[in-house]
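Reviewing the structure listed below.
Every heavy atom of this structure was used, including side-chain atoms; hydrogens, water molecules and symmetry mates were not.
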Amino acid sequence: MKQIPYWLDTAPQRPDRSGKPLPESADVVVIGGGLTGLSTAYHAARKGASVVLVEKDQIGSGASGRNGSMCTQGITIPPGEARKRYGQERALELYNAFRDAVDLVEDLTLREQIDCDFTRAGRLGLACKPKHFEHLQAKQRELAENFGHETVVLSKSDLRAEIGSDYYHGALLDPLSAGLHVGKFVGGLADAAERAGAAIHERNAATGLTRLPGGGFVVETMHGTIRAKQVMAATDAYTDKSMPWFRKRLINVGSFIIVTEPLGEARAKELIPNGRLLVAHKNVGHYVRLTPDNRLAFGGRARFAPSNPASDIKSGDILKREMTEIFPQLAGVRIDYVWGGMVGFSWDRIPHAGEIDGLYYSMGYCGHGVQMATYMGRAVAEMMDGKPEANPLRGLGFPKVPVPFYNGTAWFLPFGGAYYKAKDRWS
């Protein structure tokens, strides 16, 4: 069993982008080589800026290569809550941005010829209890009436054509959500950024940032310093202590995934005949999909603990038990991969992006990072080019941190996890 992400292990071998000397200066320095950083670098370079991206490990080694490889429509909070919080017009603008984000990922795969198995497979939001089915029906009406988004309600009997399990009590089908091979997408986007003129420096962490009196920054790295007119912080859940202001505004939650041995096409189709992406409607739910080579990937917040080799193994055992509760026919199947990663959540469960004291940022994707990180990278490139209206998250400042003396270490997560698991059990 490999303790590395399936998506990175099965992507084409990538070039080694470490060991290169830094230039003395650049128009834009991007800190972080995930999808946010790569998209920012790509779009800024296409605008003619000189761009340097520094990544402390390899591109995609953080959340961008450790997720469920789903590119799904829908905002990070319930649509009705978005309307109450922001008003109809603003909520619709936000919702459309999340929808446009999926289109952007598809457009990039076509424009840059990124072969990453992008498919509009459709997403099933699954009801885990009979009474949850009513919520799905209400959500369908909300989406159609207030957001112009057509979805399909499936009853428990309808669901038999979509999933080889009687575990669920219905679903809401969003037919336009997509699956992809995120490891291939990350690699392809990095190649495209370099073709556009961006320079990528791996294994070269940013260690400090100094604002210059006349504008711009000096970025200190493990292998030298570089002057930048503009800097983009694209580190999300992997933000370290060099950026304490952002760390205290994010809650970093572990997410874990197992991937089975290859099941063969016939057996895979017995589980998910139409290749849908499955997401359970629970506070502590799970997400499930078939891989391009007919394995089952099964992920979730198995434990409210950081990701490390021992934690990942424990979480993998929990996920296998949950997987076989839903699909008993997989009881004897071998698990080939298990891994974990950190997901950045904001306190108000909405991504945040903007500029503070000349430093640009986009973070807190709350589990929607594949599409929104890509989309917000483009938005930040536009913002750097003097177009603040390109930011769909403008004006949504980070909320006040509710935990006194919080510094980015979420010591309270096990208690919160126990609360939400109990809530799922009884509500």
Side-chain angles (χ1 to χ4, degrees), residues 17 23 25-55 59-60 62-65 71 93-94 96-114 116 118 178 180 182 184-202 206 216-217 219 226 228-236 351-356 358-365 368-394:
R17 296 179 168 100
S25 63
D27 294 328
V28 175
V29 170
V30 179
I31 301 172
L35 287 170
T36 306
L38 290 170
S39 181
T40 304
Y42 168 80
H43 287 100
R46 280 174 58 89
K47 286 177 166 291
S50 60
V51 181
V52 170
L53 182 152
V54 292
E55 160 58 42
I59 58 161
S64 293
C71 194
E93 182 184 10
L94 288 171
N96 287 340
F98 278 73
R99 183 158 46 186
D100 293 345
V102 181
D103 294 342
L104 175 61
V105 173
E106 184 174 31
D107 290 346
L108 284 170
T109 65
L110 298 173
R111 182 196 308 154
E112 297 296 341
Q113 298 183 328
I114 302 174
C116 62
F118 182 95
L180 74 166
V182 77
K184 295 178 181 179
F185 181 61
V186 166
L189 189 55
D191 293 341
E194 288 185 322
R195 287 194 298 270
I200 298 174
H201 294 254
E202 295 179 321
F217 296 82
V219 182
I226 179 171
K229 294 178 182 176
Q230 297 171 309
V231 175
M232 165 59 170
T235 48
D236 198 24
H352 291 274
E355 175 263 327
I356 178 168
L359 177 63
Y360 291 85
Y361 65 91
S362 182
M363 301 182 183
Y365 300 117
H368 290 238
V370 173
Q371 67 277 17
M372 283 307 293
T374 306
Y375 187 80
M376 291 310 302
R378 183 181 71 175
V380 170
E382 293 292 330
M383 293 159 59
M384 288 176 160
D385 197 31
K387 297 169 185 156
E389 69 277 5
N391 179 11
L393 306 172
R394 64 192 179 280

In a table with atom names and distances, give each donor-acceptor pair under 3.5 Å that connects a side chain of residues 369-380 to protein atoms at least two apart or in another chain.
{"residue": "Q371", "atom": "NE2", "partner": "T72", "partner atom": "O", "Å": "2.6"}
{"residue": "T374", "atom": "OG1", "partner": "V370", "partner atom": "O", "Å": "2.8"}

Which atom pairs, donor and acceptor, lie under 3.5 Å between side-chain atoms of residues 42-54 and protein residues at least two apart or in another chain?
{"residue": "Y42", "atom": "OH", "partner": "R111", "partner atom": "NH1", "Å": "3.0"}
{"residue": "Y42", "atom": "OH", "partner": "E112", "partner atom": "OE2", "Å": "2.6"}
{"residue": "H43", "atom": "ND1", "partner": "S39", "partner atom": "O", "Å": "2.9"}
{"residue": "H43", "atom": "ND1", "partner": "S39", "partner atom": "OG", "Å": "3.3"}
{"residue": "K47", "atom": "NZ", "partner": "E382", "partner atom": "OE1", "Å": "3.3"}
{"residue": "K47", "atom": "NZ", "partner": "E382", "partner atom": "OE2", "Å": "3.1"}
{"residue": "K47", "atom": "NZ", "partner": "D385", "partner atom": "OD2", "Å": "3.1"}
{"residue": "S50", "atom": "OG", "partner": "D27", "partner atom": "N", "Å": "2.8"}
{"residue": "S50", "atom": "OG", "partner": "D27", "partner atom": "OD2", "Å": "3.1"}

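A salt bridge does not link R394 to E355: none of the charged nitrogens lies less than 4.0 Å from a carboxylate oxygen.
Side chains of I226 and P23 form a contact here, defined as non-hydrogen atoms less than 4.5 Å apart. Two residues are said to be in side-chain contact when any heavy atoms from C-beta on lie closer than 4.5 Å; M232 and V29 fail this criterion. Put simply, the side chain of L35 reaches to within 4.5 Å of the side chain of F185, judged on heavy atoms. Taking 4.5 Å as the limit, some side-chain heavy atom of F217 sits within range of a side-chain heavy atom of L359.
D236 places a side-chain N or O within donor-acceptor distance of the main-chain N or O of G364, the cut-off being under 3.5 Å.
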Q.
If you apply the rule salt bridge (charged side-chain N to carboxylate O under 4.0 Å, His left out), what do you find for R17 with E55, and how did you get there?
A. CA-CA 10 Å; R17 296 179 168 100; E55 160 58 42; over 6 Å; no

Q | Test log, rule side-chain hydrogen bond (donor to acceptor under 3.5 Å, both in side chains), inputs Y365 and T36 | A | CA-CA 10 Å; Y365 300 117; T36 306; 2.8 Å; yes

Q | Step-by-step side-chain contact (heavy atoms from CB on, under 4.5 Å) determination, V28 to V231 | A | CA-CA 6 Å; V28 175; V231 175; over 6 Å; no

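Residue E389 places its CD atom among more than 12 non-hydrogen atoms of other residues, nucleotides or ligands, all under 6.0 Å distant.
Contact detail for N391 and A353: the closest heavy-atom pair is ND2-O, 3.0 Å.
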